[in-house]
Amino acid sequence: MDRNRIDFMTWPRLRTRARTWGDRLLDAVYPRACAQCGAAPDALPFLCWECLADLHYVQPPFCSQCGDPVPGHIDHEYCCAFCFRTPPAFDLARSAVRYEGAVGWAIRDVKYHGATWRIPDLVHLLDGCLQAHYNLLTFDAVCYVPLYPAKRRERGFNQAEWLARVLARPYGWPVARKALSRIKDTGSQTHLTAAQRAANVLGVFKVLRPDQVEGKRILLVDDVMTTGATVNACARVLRRAGAASVHVLTVARG
């Protein structure tokens with residue numbers, strides 16, 4: 001092929017073909033397996049259609065503010081007791097799926113075993129949630145829940161940062177990578193109650209770069225939202241630093 005005849009429209013197609021050939025070669029040498037059932041994935045890079053369909057997507061009815069799903073039938077806008085008693089600092093919070101099954105396993109594999117190749121599958125779910133709930137909104141910057149520096153060094157990366165970066169790229173939204181910092185180590189909150197979690201994150205976060213936040217519409221990204229204490233603490237300091245709005249988006253809801 002004459003290189004002089006390859007125009008700017010041709011190069012992207014060639015790059016796509018090269019990636020496809022490369023993926024096929026890697027699949028032949030290192031076969032991929034569905035994160036849930038172990039079968040060859042055909043829906044996403046590491047998830048098959050059957051397991052994708054089995055995910056428990058967060059659907060109404062749920063709290064109109066924090067997005068926490070509730071059982072039963074509710075035919076009107078609903079606000080949970082927690083948000084009613086203590087309105088959160090964020091405008092809205094939405095999650096794609098429940099923290100269980102293939103997604104729960106994939107998130108733990110990323111966090112504790114460095115399986116960063118599963119990030120695109122998780123971002124696929126994040127983006128679907130973004131389109132479903134925030135499609136009429138636009139954002140000036142994307143933030144993420146930071147790790148304590150020692151924890152980040154131990155893990156080697158922050159999974160929330162990777163999710164934010166991959167999600168933001170096609171939209172052209174800047175990622176405020178140094179705006180928000182975790183200045184105290186809270187340790188694991190797995191076995192804490194909602195009240196204990198809220199107390200545990202007081203004074204934990206700080207905005208280091210107010211210029212990246214002031215007057216901005218912020219999308220705050222994390223992997224899992226359980227009681228909402230962590231994202232609420234982040235949203236609180238972002239609003240104090242002058243953020244115009246804070247909308248939370250997570251892959252899973254615990």
Side-chain angles (χ1 to χ4, degrees), residues 58 64-67 83 87-97 107 110-111 116 118-149 151-153 155-184 186 201-253:
V58 177
S64 59
Q65 186 141 21
C66 74
C83 289
F90 52 77
D91 293 77
L92 293 176
R94 295 292 183 264
S95 304
V97 296
I107 289 174
V110 171
K111 292 172 69 169
T116 53
R118 302 196 188 280
I119 291 289
D121 283 5
L122 300 180
V123 171
H124 173 84
L125 296 171
L126 265 183
D127 191 49
C129 188
L130 176 73
Q131 293 298 321
H133 299 290
Y134 296 152
N135 65 316
L136 298 180
L137 302 178
T138 187
F139 299 99
D140 302 308
V142 180
C143 287
Y144 51 87
V145 175
L147 289 175
Y148 188 65
K151 175 66 72 174
R152 193 188 188 286
R153 288 193 297 269
R155 188 172 295 173
F157 66 98
N158 179 356
Q159 73 283 351
E161 178 184 354
W162 281 47
L163 290 169
R165 288 167 58 186
V166 177
L167 177 70
R169 188 177 301 133
Y171 294 97
W173 295 330
V175 178
R177 296 181 60 185
K178 297 182 179 180
L180 194 59
S181 176
R182 188 186 292 250
I183 58 176
K184 296 180 182 178
T186 56
V201 293
L202 287 175
V204 165
F205 300 101
K206 181 179 181 180
V207 173
L208 299 181
R209 292 287 304 273
D211 59 296
Q212 295 185 356
V213 170
E214 188 174 3
K216 303 291 180 63
R217 295 162 294 185
I218 303 294
L219 179 65
L220 178 63
V221 173
D222 203 7
D223 54 353
V224 182
M225 179 176 173
T226 306
T227 65
T230 298
V231 293
N232 192 43
C234 290
R236 187 180 298 112
V237 297
L238 288 168
R239 295 303 293 263
R240 287 175 181 170
S245 63
V246 179
H247 288 75
V248 177
L249 185 71
T250 69
V251 177
R253 182 78 192 221

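Reckoned from all heavy atoms, side chains included, excluding hydrogens, waters and symmetry mates.
When all heavy atoms of Gly215 and Asp140 are compared, the closest pair comes out as O-OD2, 4.2 Å. Closest approach of Pro146 to Asn158, counting heavy atoms only: CA-ND2, 3.6 Å. When all heavy atoms are compared, the tightest approach of Ala229 to Val201 is O-CG2, 3.6 Å. Scanning both residues, Met225 and Ser95, for their nearest heavy atoms gives CB-OG, 4.3 Å. Minimum interatomic distance between Val207 and Val237 (heavy atoms only, all atoms of both residues): CG2-O, 3.5 Å.
Residues Arg152 and Glu161 are in side-chain contact: their nearest non-hydrogen atoms beyond the backbone lie under 4.5 Å apart. Here the side chains of Leu92 and His133 are not in contact, with every heavy-atom distance at 4.5 Å or above. Using a 4.5 Å heavy-atom cutoff, the side chains of Cys66 and Phe90 are in contact. Looking only at side-chain heavy atoms (C-beta outward), Tyr148 and Val204 stay at 4.5 Å or farther from each other. Within the 4.5 Å cutoff, no side-chain heavy atoms of Arg94 are placed close to those of Val58. Considering only heavy atoms from C-beta on, Leu219 comes within 4.5 Å of Leu130 through its side chain. A 4.5 Å side-chain heavy-atom check between Phe205 and Thr230 finds at least one atom pair inside the cut-off. Contact of the Leu163 side chain with the Leu122 side chain is registered, since non-hydrogen atoms from C-beta on lie closer than 4.5 Å.
One distance of note links CG of Asp91 with CZ of Arg217; it measures 12.0 Å at 0.5 Å rounding. Once rounded to the nearest 0.5 Å, the distance linking CZ of Arg253 with SG of Cys129 reads 11.0 Å. Interatomic distance, CZ of Phe139 versus CG of Leu220, reported as 10.5 Å (0.5 Å rounding). In this structure, Arg153 CZ and Lys151 NZ are separated by 12.0 Å, a value rounded to the nearest 0.5 Å. Rounding to the nearest 0.5 Å gives a distance of 6.0 Å between CH2 of Trp173 and OG1 of Thr138. In this structure, Arg239 CZ and Ser245 OG are separated by 6.5 Å, a value rounded to the nearest 0.5 Å.
Within the 3.5 Å criterion, the main-chain N or O of Val248 finds a donor-acceptor partner in the side chain of Tyr134. Remark: the backbone N or O of Thr227 is not paired with any side-chain donor or acceptor of Asn232 at under 3.5 angstrom.
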>> Run Leu180 and Gln212 through side-chain contact (heavy atoms from CB on, under 4.5 Å) and show every step you take.
In response: CA-CA 9 Å; Leu180 194 59; Gln212 295 185 356; over 6 Å; no
> Given the rule in the side-chain contact (heavy atoms from CB on, under 4.5 Å) test, do Leu249 and Leu167 qualify, once you have shown the distances and angles that lead to the verdict?
Replying inline: CA-CA 11 Å; Leu249 185 71; Leu167 177 70; 3.7 Å; yes
> Would Val175 and Tyr144 satisfy side-chain contact (heavy atoms from CB on, under 4.5 Å), going step by step from the backbone distance to the final call?
Replying inline: CA-CA 8 Å; Val175 178; Tyr144 51 87; 3.9 Å; yes
> Stepwise, does the side-chain contact (heavy atoms from CB on, under 4.5 Å) test hold for Val221 with Leu126?
Replying inline: CA-CA 9 Å; Val221 173; Leu126 265 183; 4.0 Å; yes
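Other residues, nucleotides and ligands contribute over 12 non-hydrogen atoms within 6.0 Å of the NZ atom of Lys111.
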